[in-house]
**Student:** 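My questions all concern the structure below.
Along the sequence shown, residues are numbered consecutively beginning with 1.
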Amino acid sequence: MSFADAKQRFSNRVTDYVRYRPGYPSALIDLLRSECGLRPDHAVADIGSGTGLLSKLFLENGNRVFGIEPNEEMRRAGEECLAAYKNFSSVRGSSEATTLPDSSFDFITAAQAFHWFEPTATRREFLRILKPHGWVVVIWNDRRISETAFGRAYEDLLVRYGTDYARVKEAYPELQDMEKFFGSSAATSQNDPLEVAEENRSKDRPLQNAFEAAARKESGAVASLQTGGVSLRTNFARRELPNFQEFDFDGLAGRLRSSSYAPKEGQANYAAMMAALREQFDSTQKLGRVRMDYTTQIYFGQLDAVRGSG
């Protein structure tokens with residue numbers, strides 16, 4: 001996938017993206033307070049900020065947020081959605097060239113965007129704009145596929161009708177990608193349960209590893225395969241939070257249309273896709289609604305320990 005293409009994929013999907021994409025759990029702020037020492041006076045650079053779904057959480061926490069977005073249509077939508085927040089600044093830029101000043105930010109975030117970034121240039125840019133000992137937080141919503149009839153049917157629909165769904169799925173980072181980006185103090189063991197869990201996870205996918213599922217159940221709202229802060233083995237840690245949306249049919253159709261790999265109206269397979277979605281909704285709805293469950297994946301760490309390798 002070309003990265004230039006990635007920056008333009010959502011230009012004609014902004015309206016549906018604003019209305020139907022999932023946000024992020026408010027518990028994320030509590031997690032970052034406890035794990036990273038997040039405070040309201042910290043400056044945040046939200047890279048690939050899009051329509052402002054993540055920026056809004058930090059703004060409500062009192063943070064100064066700079067939203068960096070290369071897509072003009074998405075950037076304008078974010079400016080409109082966040083117009084009431086005086087601490088928000090919208091910037092035309094990209095993960096590889098933010099235009100932000102050196103050593104200026106306590107936190108860099110990327111929500112549902114990291115898989116579009118060119119990692120080497122992005123890491124170099126993050127090191128440039130981060131303050132010493134600043135934090136990088138990478139977040140995305142994983143759709144949980146296999147746990148419900150609806151989840152399985154929706155995945156089958158994307159596989160059948162998506163224009164390049166498989167290619168987009170393959171772009172999502174795995175554990176080894178995050179280790180390479182954050183830096184690792186030691187090679188992972190082949191029997192490391194965190195690595196095994198990642199290998200068993202399909203993109204845009206459910207939890208398939210029993211160890212992960214047990215950890216989520218035991219810890220409740222915040223699940224973790226590691227204890228304490230940043231792992232001694234790596235320069236980052238991973239946490240999970242539950243998330244979900246509920247839709248009537250119009251909302252579900254909008255959620256589907258917001259995906260960059262869904263055919264647009266007038267394109268081949270659009271009518272067939274929507275007919276299949278209608279059939280799926282009718283067969284799985286309860287009281288006129290369906291529920292789409294997610295696991296919000298959260299990776300956080302500091303690049304300082306390996307700053308010289310950037």
**Student:** Taking the side chain as every heavy atom from C-beta outward, state whether L54 and S49 have any atom pair closer than 4.5 Å.
**Tutor:** no

**Student:** Decide if atom CD of Q267 counts as having more than 12 heavy atoms of other residues, nucleotides or ligands within a radius under 6.0 Å.
**Tutor:** yes

**Student:** Can you check whether W116 reaches S260 side chain to side chain, under 4.5 Å on heavy atoms?
**Tutor:** yes

**Student:** Would you call E69-R92 a salt bridge at under 4.0 Å N-O?
**Tutor:** no

**Student:** Are E279 and L277 close enough that some pair of their side-chain heavy atoms sits under 4.5 Å apart?
**Tutor:** no

**Student:** Is D106 reaching over with its side chain to a backbone N or O of K131, donor-acceptor style, under 3.5 angstrom?
**Tutor:** no

**Student:** Where the side chain of N71 meets the backbone of M74, is there a donor-acceptor pair that is under 3.5 Å apart?
**Tutor:** yes

**Student:** Please answer whether the main-chain N or O of A262 pairs with a side-chain N or O of S259 as donor and acceptor at a distance below 3.5 Å.
**Tutor:** no

**Student:** For the atom pair SG (C36) and NE2 (H133), what is the distance rounded to the nearest 0.5 Å?
**Tutor:** 14.5 Å

**Student:** Locate the shortest heavy-atom distance separating L100 from A45; write the atom from each residue and the value.
**Tutor:** CD1-CB, 3.9 Å

**Student:** Using 0.5 Å steps for rounding, measure from the CZ atom of F181 to the CG atom of L303.
**Tutor:** 5.5 Å

**Student:** Rounded to the nearest 0.5 Å, what's the gap from OH on Y299 to CZ on F114? Could you check?
**Tutor:** 10.0 Å

**Student:** State whether D142 and R144 are salt-bridged, where the test is any N-O pair (Lys NZ or Arg NE/NH1/NH2 against Asp/Glu carboxylate O) under 4.0 Å.
**Tutor:** no

**Student:** Can you confirm whether R278 is buried at CZ, in the sense that more than 12 heavy atoms of other residues, nucleotides or ligands lie under 6.0 Å from that atom?
**Tutor:** yes

**Student:** Pair R291, D293 - check side chain to side chain contact (heavy atoms under 4.5 Å, CB included), show working.
**Tutor:** CA-CA 6 Å; R291 173 170 164 141; D293 286 290; 2.7 Å; yes

**Student:** Using 4.0 Å as the upper bound for N to carboxylate O, is an ion pair formed by R143 and E155?
**Tutor:** yes

**Student:** Taking the side chain as everything from C-beta on, heavy atoms only, tell me whether I47 gets closer than 4.5 Å to F126.
**Tutor:** yes

**Student:** Grab the two heavy atoms, one from T98 and one from V91, that are nearest each other, plus how far apart they are.
**Tutor:** O-CG1, 3.7 Å

**Student:** Please report whether the ring centroid of W140 lies less than 6.0 Å from that of Y24.
**Tutor:** no

**Student:** Output, in order, the C-alpha distance, side-chain angles, deciding distance and verdict of side chain to side chain contact (heavy atoms under 4.5 Å, CB included) for D156 and L158.
**Tutor:** CA-CA 5 Å; D156 290 344; L158 297 181; over 6 Å; no

**Student:** Within this structure, what is the OG1-CZ distance for the pair T296 and F244, rounded to the nearest 0.5 Å?
**Tutor:** 11.5 Å

**Student:** Quick test of your reading: applying side-chain hydrogen bond (donor to acceptor under 3.5 Å, both in side chains), list the pairs with at least one residue in residues 51-62, sequence neighbours left out, ordered by first then second residue.
**Tutor:** R33-N61, D46-S55, E60-Y85, N61-N63

**Student:** Side-chain atoms of residues 245-253: list all donor-acceptor pairs with protein atoms under 3.5 Å, sequence neighbours left out, distances to 0.1 Å.
**Tutor:**
unit_1: Q245; atom_1: OE1; unit_2: Y294; atom_2: OH; d: 2.5
unit_1: Q245; atom_1: NE2; unit_2: Y20; atom_2: O; d: 2.8
unit_1: D248; atom_1: OD1; unit_2: D250; atom_2: N; d: 3.3
unit_1: D248; atom_1: OD1; unit_2: G251; atom_2: N; d: 2.8

**Student:** Contact between W135 and L38 at the side-chain level, heavy atoms closer than 4.5 Å - yes or no?
**Tutor:** no

**Student:** Examine the side chains of S258 and R21 and answer whether a donor and an acceptor come within less than 3.5 Å of each other.
**Tutor:** yes

**Student:** For the pair R128 and E125, find out whether any cationic side-chain nitrogen is under 4.0 Å from an anionic carboxylate oxygen.
**Tutor:** yes

**Student:** Quick one: do L157 and M273 satisfy side chain to side chain contact (heavy atoms under 4.5 Å, CB included)? Show the steps, please.
**Tutor:** CA-CA 7 Å; L157 182 146; M273 178 185 70; 3.9 Å; yes

**Student:** Has R152 got a side-chain atom pairing as donor or acceptor with S146's backbone, closer than 3.5 angstrom?
**Tutor:** yes

**Student:** For a quick test of reading the model, state the closest non-hydrogen atom pair linking L82 to G52 and the distance between them.
**Tutor:** CD1-CA, 3.8 Å

**Student:** Do E179 and F236 have side chains that get closer than 4.5 Å, going by heavy atoms?
**Tutor:** yes

**Student:** Taking R238 first and then E240, would you say they form a salt bridge - that is, a charged N and a carboxylate O separated by under 4.0 Å?
**Tutor:** yes

**Student:** Looking only at atom types and distance, does a side-chain atom of Q280 sit under 3.5 Å from a main-chain N or O of D282, one as donor and one as acceptor?
**Tutor:** no

**Student:** Do NZ/NE/NH1/NH2 and the carboxylate oxygens of E72 and R76 come within less than 4.0 Å?
**Tutor:** yes

**Student:** Under 3.5 Å, side chain of E174 to main-chain N/O of D177, donor-acceptor pair present?
**Tutor:** no

**Student:** Distance alone, cut at 3.5 Å: any donor-acceptor contact between the side chains of S89 and R64?
**Tutor:** yes

**Student:** If only atom types and distance count, is the side chain of Q297 paired as donor or acceptor with the main-chain N or O of I139 below 3.5 Å?
**Tutor:** no

**Student:** Nearest 0.5 Å, please: how far is CG in L57 from CG in L28?
**Tutor:** 6.0 Å

**Student:** Considering only heavy atoms from C-beta outward, does the side chain of Q112 approach that of N141 to under 4.5 Å?
**Tutor:** yes

**Student:** Which atoms form the tightest heavy-atom contact between S94 and I68, and what is the distance?
**Tutor:** N-CG2, 3.7 Å

**Student:** Taking all non-hydrogen atoms of both residues, which atom of V44 and which atom of F105 are closest, and how far apart?
**Tutor:** C-CD2, 3.6 Å

**Student:** Do I129 and S104 come close enough that some side-chain heavy atom pair is under 4.5 Å?
**Tutor:** no

**Student:** List the atom of G78, the atom of F88, and the distance in Å for their closest heavy-atom pair.
**Tutor:** O-CE2, 4.4 Å

**Student:** If I take atom CG from residue L256 and atom CZ from residue F281, how far apart are they, to the nearest 0.5 angstrom?
**Tutor:** 13.5 Å

**Student:** Counting N and O atoms only, with roles assigned by atom type, does the side chain of S95 sit under 3.5 Å from a partner on the main chain of F117, one being a donor and the other an acceptor?
**Tutor:** no

**Student:** Given side chain to side chain contact (heavy atoms under 4.5 Å, CB included), test F150 with K286 step by step and report yes or no.
**Tutor:** CA-CA 11 Å; F150 168 76; K286 293 181 180 180; over 6 Å; no

